[in-house]
Structure formats: C-alpha cells, structure tokens
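Data first, discussion second: the structure below is written as structure tokens.
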There are 4 protein chains.
Amino acid sequence: MARPKSEEKRLALLEAATVTVAEFGLGASTARIAVRAGVAEGTLFRYFATKDDLLNALYLHLKQNLCGAMMLDYNRAGQIKERARAVWNSYIEWGLVNPAANKAMRQLAVSEKISPATLASVAELFPDLKALSDACFFNHVFITGQSAFAEAIFMALAQTTMEFAARGTDEIAAYKAAGFDAMWRACANEQ
Amino acid sequence: MARPKSEEKRLALLEAATVTVAEFGLGASTARIAVRAGVAEGTLFRYFATKDDLLNALYLHLKQNLCGAMMLDYNRAGQIKERARAVWNSYIEWGLVNPAANKAMRQLAVSEKISPATLASVAELFPDLKALSDACFFNHVFITGQSAFAEAIFMALAQTTMEFAARGTDEIAAYKAAGFDAMWRACANEQ
Amino acid sequence: MARPKSEEKRLALLEAATVTVAEFGLGASTARIAVRAGVAEGTLFRYFATKDDLLNALYLHLKQNLCGAMMLDYNRAGQIKERARAVWNSYIEWGLVNPAANKAMRQLAVSEKISPATLASVAELFPDLKALSDACFFNHVFITGQSAFAEAIFMALAQTTMEFAARGTDEIAAYKAAGFDAMWRACANEQ
Amino acid sequence: MARPKSEEKRLALLEAATVTVAEFGLGASTARIAVRAGVAEGTLFRYFATKDDLLNALYLHLKQNLCGAMMLDYNRAGQIKERARAVWNSYIEWGLVNPAANKAMRQLAVSEKISPATLASVAELFPDLKALSDACFFNHVFITGQSAFAEAIFMALAQTTMEFAARGTDEIAAYKAAGFDAMWRACANEQ
DNA sequence: AATGAATGAGAATTCATTCAT
DNA sequence: AATGAATGAATTCTCATTCAT
C-alpha cells in the first residue's frame, strides 16, 4: 500500500467538524472544516465522500464519545440508583467538559441529515445503558414496558440540566443533583 | 421603517418560512420562502431586512402562537394541577396539529441565529404562564426559587412527549397522560 | 414587471457559448462563457438553469441559424437540382462564414448532452428542407422510402466538403461543386 | 522514459479508456479509467504522462485497430470494386462489433485534443488503404488528383452507414449495401 | 409598494497530477 | 514499478441582497 489513510487525519477532521458545526451550525462549510483540521479541502472528501457522510460519521463519533464517558465509572455491581446517578453525572460532566461536542450533537440530532443506518448504529452503542434503563426504572412511566420513552426523558432532562449547569460554575453540583432527583422522581420505579 | 403595507403578506411570509424551514432546515433559501408566500423574491426584504431578521421574527411568531394555544383553555380559577394539565395538553396538541411549526421552532431554538433581544421578547410572552409555574409548582426542584429550571424541564418533557405522541395516532392520549404524570412527579410541590 | 429578461443577454450568452465551446470543447466552463458574454456567472443560470440546458439551447439555436441560412436563397419554383444546389451552397457557406458555430455544433452533435426533446425540436425546423429531400431525391438510396438515411448522407458530405473548403480560400468553389456532384451522384434519382 | 514494464497494463488502460470515454465523453476522469483498468490511480501516469497523452495514444490505438480490421480480408489480387467493398464491409462491421471504440474515436476526432503528431501517425497507417484509394477510385471527384477528399468522403459515408445500421439488427445488410452503392456512385471512376 | 433581473461571493465536489511509501 | 493518499485549483450551481423599473 502506498500510504495508509491516516486515522489521525480522520480524527482531526471530526474534531474540526465538531467545533465548526458548534460555531456555525450545519451550514459550516467543508472549506472551514478542512482548514481547521489542517488538511486540504480535497482531502476531506477522501475521508468522507460527501458532507452528509461526514455529518453522519460525526454524529456517531460524538455518541460513541458520550457513551464511552457515561460508562467510565459504571459499576455493574452497584445499587441501581447509584448506577443511574453515576451515568447521569457522567453525562452532565461530559457535556460541560465538551460543550462544542454537545452543541454539535444537538444540531445534528434535530437535523434531517442523520440516516436510519446511523441511527441504528447509535442504538447499538453500549447495551449496558439499555440494560440499565430496562432493569431499573421507568416501569410506571409507560405501560407497554418499552423504555424508549423513559430513555428519551432521561436524555431530555439531562440536556436541560446541562444547559443550566453550564451557566454558572458554582452551581454545577446543585443542578446536577436537582436534575437527577427530578429525573428519578419522573421515571424510577422505586423512590 | 414605516409600517409595511400588508400585514397579510407578512403573515404569508412567516407561514411560508415555517413550512420551508421545517422542510429544508435553516438553509431554506429566501427565494423559496418568497415563492411559497406568493410574493416576489425582493418583496421578502421589504418586510424583513435580512434573513436573520426573518428567522428571529419567525421564532417569536411561533412562540406567540404556541403560547396563545396554551392559554386558550386556561382557567385562572381552576385547581392548580388541572390548570397545569390544561396547559400541558394544549402544548402537546399544538405540536401535533402544527408539526411544521414545531419542527421549525426546534431548529431555530438550537441555532445560533436567535438574538438576545428575541429571547428577551419570548421570555415576556404570557406572564400568566410564568405566574403559574411560580405559584404552583417546582419549589422543590431548585433551591433558589427561580423557576426557570422547572420551566425548562416542563418544556423538555413536553417536547419529548410530543415526539412520541406524534408517532402513533392511537397512543396519543396515553403519552399525553404519562408525560404529564412524569412531569408532575418531577416538578410539582404537591403530589 | 421589474425588468424584462433581456433577449440581448440571452443572445450574448449563446454567442459566447458558441465560441467558447468551439475553442475548449464541451468542457468549456460556465465562468468563461459568462465572462465572454459580459455578464456575471450567476446571470448565466438565470437564463439557463443548468449547463446542459445551455448546451441544448445552443444546439437548437445553431441549427436554427444554419437552417435559416440554408433557406435564404431557396426558390420553391426552381428546378429540383438547382434547389438542392442552392441549399448545398448555403450550407457550405454558412460553415465557412461561421466556423465556430459549425465546430460547436459538431461537438454538440456527437455528445450525449442533447436531449430527445431538443432533437425533436430540431427535426421540426424548416419542413421545406424535409419536403425537398422527400420530393426530389434519394429514392434509390434506400428502399423503404424513408429519407433519413439520405439526409444524413447529405449532411455528412456537406460537412466533409466544408472541412476541405475551409483549408484553402482559392479552392472553395471547386470543393463546393465537386462535393455537390458527389452528393448528387450518391443520392439523387435523376442524374 | 524507459519502456514501461507491462504491455498488458498499457492495453488494459487503453481498453478501459475506450469504454470510459464512450460512456462519459472526454470528461471521463483518469481515476475512473484506472479503476476500470484494474490499476491504481497513479499507475496510469507511469504509462501516459498526462491525460492528453493518453487520449492521443488512445486515438492512435483505435485507428490502428480499425485499420487492422479493414485489412483483414483484403485481397490485393481482387477486383478493385470487390476490394473496396471488402474494406467497406470490414469498416461497418468493426463499428458494429466495437461500438464503444467507434464512439470514443468519434469523440476524439472532433476534439481539440489530438495533436498534429498523432494525426501524422494516423495518416501513415496502412499504406495499402491509401494505395487502394489512389489506384481505384475517385479520379473524377476532385481535379487535383489528391485523394484525401475522396477518402474523407469514404469515411464520412461509412460512419453514417454505421450509425443507421446500428439501429436495427435486421437491416444491417441492407444499409451496408445501400451505403456502399452510394459511396461508389459518389466516388468511383468506373461504375 | 412591489417586482424580479442581476450580482458575485461562496457552496460542495471533482480531478489531474505528485510523491511518500 | 506500483500504489493510493494528498493536493488545491477549477467546476457547476446557489443564494442573500440590491436596484432599476
């Protein structure tokens, strides 16, 4: 092989896309992304055939990052509520530490650009999370036993909490706790 | 600028912008919006100096619509929980009846286009809603007594409920009720 | 109406496209064509929605020009052979006077860009020409009575003649006559 | 440049260029040609320094193929008319059997890409053909005795015949014969 | 006041060619 | 010798905005 395609460049492009999309929205130009990644514009298209491909790859990448962060402190043997709290806290912290990633992810989530295939890949990330939500909460949220609604509530509340926590550094811990309590009251079986 | 001649055209432009933004995202071109509104390309700019002005006006317009819908059945003399439920139901229904408006509103909400001035105007809409949230719930959500966090939770849960309710016509009522209960558990003082 | 779309600009664009395509082939860029026409590049696309549309319009335009030239001296009352010769001479002369047009036309003819609709429009140009070919020659060329083959031979020989005539100014008349004789021998009923 | 290693690859590239140019025109990308030839993008440029070089080599290659085919059945001892008919038939059949080659050749012929050197090389191909045309026909076509004009007429009529013959499989023989007769009437001394 | 023609700065994407491996 | 990653100029087309009518 002549030269292997560089994983480093791929990551640089995804990273550049993250901050550029966070700053300019989905209208962020491939030119700007390429410059920020330190590669030629043509190079971007060797790694991602179209801008939409890049955006889909970016969404998956960010979700992977997020889920990875959420599972870092995860203790399978812990109490259910404490496991949930650990995941919750990791989520909030990830968002605070990676504001651009979080912002880009939200832009992508409401856009029409994410393909069903990407959504399917995302859904398969970290089955532990799914097991957690199935196992420990949400039964009374919705009768059919499907936890998708409860999961969505979890995400929505976490997102809201994150936004408020991001405003003032002092109150982060307070928002984190209050948000978790609200989520727990809203969703959990056992109070 | 002097008051533009035709309020009717202004509304036609906002309506056209709603469906066009819902369909194409914020990249929707002014030409397309103008065509859909039945006016010439240049005419749009007699009503809104720039595209950003149009988007800001659109956001305010949609929020006004939504808030108006939420207050329609509002009975100031009712029980607190029933008042909250009425507002909740109105919100969900508005989203289901106006999917394009809801979608456009969400796109605008996560974009960078909405100015602080617009956000301030939106915040002042319908003080009754603020009073309701201040008066009746949420005290235990957050210590400082500011209800902004609780309001945001209300909106986030309503939005989530709407998305699920929109999927199947059968389960609308079930989602509406389950979502309200979750919100009430999460936020209200008195269960 | 604000301003009527200028026929003058349309013609300038077609003229510019003619010489630019003659010089650079079908790869001639829209930027170059617009500059040569003295309009902004964006303007080109207000007159022709796509480059292909422009090329189709150009083909039709050139064929109209050519056919117009061929019919200029046409005397419906003349002898058949003299009518044929007049058309032949007009064709050759048009090609010599408008080498860029002739060259562009040939490029377009062998390309895949010309749509069936354009070909149909071209076929309807100047029914007199069709009548001439039907009426006066070619019966013995092909048995089925369809004159398309004979017409194609006519065009092919004229094109060939034109190329040779274009080389030296002295021999134009000689080539014109020799070419016509060859064509007449090849195609006509009555010698 | 030293002789490149693999004649096989050179031919694969020319073959790939033939079908790719037939399909996409002269805009066919070198990358596509390389892929079709089963070699890497860069490899193409080890065999042909530039795309134009490739196109020139392709033109010469196709002409050689065609001329080779035309001379296959050539019987130097035969009757003049029969020799001419054999060449004619071989030409038509080559075009029908190799439509991509024929199409690519025509695109190249009208393009600006073919250099005088290539044209000169082509002109020297198969002196037998030249001898045939000198010897046997065309004297009355043009006074100067140069047979280039007659040759061009031969080619033009053959091309036209080929196009019509390619349309319907039934009438191939009929077109072949009718085309030859027309050519013979147009060009030959002795009827 | 309304129109829509005109604009030129970008937009995404392609491509011939080079060069490190 | 062969590869294919990298490049950046060029391409077609879009678009917000202006301005003559």
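Throughout, protein chains are lettered first and strands after them, A, B, ... in sequence-line order, and every chain is numbered starting at 1.
Using a 4.0 Å cut-off between a side-chain N of Lys or Arg and a carboxylate O of Asp or Glu, D/R32 and D/E23 do not qualify as a salt bridge.
In the displayed structure, B/E8 atom CD is contacted under 6.0 Å by at most 12 heavy atoms of other residues, nucleotides or ligands. The number of heavy-atom neighbours closer than 6.0 Å to NZ of D/K51, taken from other residues, nucleotides and ligands shown, is above 12.
Relative to the side chain of B/E41, the nucleotides E/dG4, F/dG4, E/dT14 differ in distance, and E/dG4 lies closest. Between E/dT13, F/dT12, F/dT3, one nucleotide has an atom nearer to the side chain of A/F45 than all others, and that is E/dT13. The side chain of B/S6 lies closest to E/dA2, out of E/dT7, E/dT13, E/dA2. Listed nucleotides: E/dT7, E/dT17, F/dT3. Nearest to the side chain of C/T43: E/dT7. Distances from the side chain of D/S29 to the nucleotides E/dC15, F/dT11, F/dA2 place E/dC15 closest. Relative to the side chain of B/K51, the nucleotides E/dT7, F/dA16, F/dA2 differ in distance, and F/dA16 lies closest.
For E/dA1, one of the phosphate oxygens OP1 or OP2 lies less than 4.0 angstrom from a side-chain nitrogen or oxygen of B/R46. A close approach under 4.0 Å does not occur between any side-chain nitrogen or oxygen of C/R3 and OP1 or OP2 of F/dA20. Contact annotation: C/K9 side-chain N/O to E/dA6 OP1/OP2 distance is under 4.0 Å. For F/dA2, the OP1/OP2 oxygens have a side-chain nitrogen or oxygen of D/Y47 closer than 4.0 Å.
Nucleotide E/dT13 holds its P atom 9 Å from the CG atom of A/L44, rounded to whole Å. Taking atom CD1 of A/I33 as the reference point, atom P of E/dT13 lies 11 Å away to the nearest angstrom. Atom pair C/K5:NZ and E/dT7:P shows a separation of 13 Å (rounding to whole Å applied). Taking atom CG of residue B/D52 and atom P of nucleotide F/dA16, one finds them 10 Å apart after rounding to whole Å. The nearest whole Å value for the distance from the CD atom in B/E7 to the P atom in E/dA1 is 15 Å.
For the 3.5 Å distance criterion, the side chains of C/E41 and C/T30 qualify, holding a donor opposite an acceptor.
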Side chain to side chain contact (heavy atoms under 4.5 Å, CB included) evaluation trace for C/L119 with C/Y59: CA-CA 9 Å; C/L119 291 176; C/Y59 188 65; 4.2 Å; yes
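Nucleic acid contact for A/T30: base, since at least one base atom lies under 4.0 Å from a heavy atom of the residue. Using a 4.0 Å heavy-atom distance criterion, C/F48 is classed as making no nucleic acid contact. Heavy atoms of A/A34 sit nowhere under 4.0 angstrom from any nucleic acid atom.
Less than 4.0 Å separates DNA chain E from no heavy atom of any residue of residues 10-21 of chain C.
The side-chain heavy atoms of B/L54 and B/L14, taken from C-beta on, include a pair separated by under 4.5 Å.
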